[in-house]
Amino acid sequence: MDNSILTSHPDCAGNQTFWGGVLVEGNPVFSQFPPDGVAANSCQAVLYMENYSEIRYATVGANAGVSPSNLLGPLSSAGGGVIMAQDSKFRNNLTAVQLSPFTAVYDYYVSSLQSACYFRRDVFIWDDPNIFDVASNMVGINGYGVNGIPVTGCTFLNTTAIPDSIIGINGTDFGVNISPQYSPSYMSTFQNLAIGVSCATIDIPNYGVSIVQSNFNGNSIGVSLSNTTASKVANCNFTMDYTSYPVGVHGLYYNIEFGLIMYGANMFSVYNNHFTGDNLVLPHPILHGTSIGYSNPTVGIMAYNTSMNNNNVINNNTFNNLGYAALGELVNRDATTSSGEEVGLWFHCNSFSNDLYDIATIARSSSGGIRSYQGTPADGSTSAVTAANTFTVGGLLQKNIYQYDGAALNYFYSSSAPTPEDPVAHSASVTTTTLPVADNCPVPIGTTLTPYPVNGTQIDDANFASAVSNINYYMCDSAGIAHKDSLYYWLAFMHNPASD
């Protein structure tokens, strides 16, 4: 597809209809990658979209992998197809892209099943509120059992007033690398969605998820990672703008907006991100019905039952104007290791400013919470390390470290630090201790890239709408019989909609 539009035509009453989309089949025996490295020489079927092409109003805009509902034969006959899209748009599709397993015998534990699909500077947009009359849930890229998908400088945008119904990228056993384009500089952006990126691991723990230098603005949940291993979220901007949402539309998770949620994640890297709320304080019941009082309904990071058998570190992030900046729920620690050294989640070299609760734990048990040593004391067996987080202290309700329950917390900070590291506002179960050592914090990397322009130089919508309104004239004669040249006209129009 080169500067072309594929879409459905409205019915006789003027109602928008949906079509099935493009099914890209292939041969599961062959590699996804051509032997000579040239995409045009691939042994698989390839859908290549470029030059501001669009797919609109499809149930599945582009489908590579198994055929839908197995309508076209055995599953093994359909896999192998490749989708390569750049500078293109997927608009008002129920599922824009579906990526599914492509091998004849799908081995859950083989990590080498790399896909050749890619998405570069594409726009996934939902701007027609009438599509919600057809389906209540929509997805930009939906992936299952596929690894190595690069999503580079793409935009996932919902401009309707119904934000809690669309997921930008949804994956199960899905390896994806979300990154910016560097020249020119375009960040991937997820805006006004139910969830920006949602990835869950069921059977393939070694399919990686990497999200770097991306923007998440006004989503119910920016990123949700469930049981993933070695995932990375770095140099991203998360903005939880509660007041910008339509009234009454915050229903995904206890009426709260989240930047990053990690359920049972293991060996993750979360660093150099910026989490910003709107400093809105409302009477609000806190997570899971624990009535703490007044709260800001925004959470930067929630770690929920993350792996207990290693030291997961969240470091070098900034948190501003949030209800809960960094929240550990249930069990995120293990004090019973064979070495006798406690491991678990700890926060290192983060900056907290004007949050209601900076570091908080809701453990639900006496053994839960986060690693009870935040920083490491000089006990003869390990070197002294400070937590090195910085805090500001505000109103009466503000807590730098808040513990609803769980194991007691020991917090260590530097006595010689030039910035305020003393968490003076903390729960009674928290013990703070100074260490006569300097902090050892990595240098943050700035996020200076700009979002990809959503409008760009897209196909001329006005010309397209004008042609669609007259398409029955070109397609049919007065008796309703199709002209023999109608297909040629339609293809010519698709190629250059400005000249009909």
Given the options F238, F275, F258, F216 meets ring pair (Phe, Tyr, Trp, His ring centres under 6.0 Å) only with F238

Whether F90 and F119 hold their rings parallel, tilted or perpendicular, with breakpoints at 30° and 60°: perpendicular

What orientation do Y118 and Y48 show, parallel under 30°, tilted 30 to 60°, or perpendicular over 60°? perpendicular

Of all heavy-atom pairs between [X] and [Y], which one has the smallest distance, and what is that distance?
X    : Y    : value
K89  : M49  : O-CE, 4.4 Å
N93  : Y57  : OD1-N, 3.2 Å
A194 : S220 : O-CB, 3.1 Å

Considering the options T152, I211, N235, V151, which one meets the side-chain contact (heavy atoms from CB on, under 4.5 Å) requirement together with S179? T152

Pick out which of T95, I195, N219, L193 makes a side-chain contact (heavy atoms from CB on, under 4.5 Å) with I167. I195

Pairwise distance [atom1]([X]) to [atom2]([Y]) - rounded to 0.5 angstrom:
X    : Y    : atom1 : atom2 : answer
I5   : Y52  : CD1   : OH    : 14.0 Å
I301 : I261 : CD1   : CD1   : 11.0 Å
S224 : Y304 : OG    : OH    : 12.0 Å

The side chain to side chain donor-acceptor pair (under 3.5 Å) partners of N170 (sequence neighbours excluded) come to N142

Please check: side-chain N/O of [X] versus main-chain N/O of [Y], any donor-acceptor pairing under 3.5 Å?
X    : Y    : result
S53  : M1   : yes
N158 : N192 : yes
S4   : D2   : yes

Are the side chains of I83 and L99 in touch, meaning some heavy atoms are under 4.5 Å apart? yes

Please name the residue in the list N273, N316, N317 that meets the side-chain hydrogen bond (donor to acceptor under 3.5 Å, both in side chains) test with N350. N317

Compute whether any side-chain donor of one residue and acceptor of the other, for D127 and N92, lie under 3.5 angstrom apart. yes

Quick one: do the D128 and N130 side chains pair a donor with an acceptor below 3.5 Å? yes

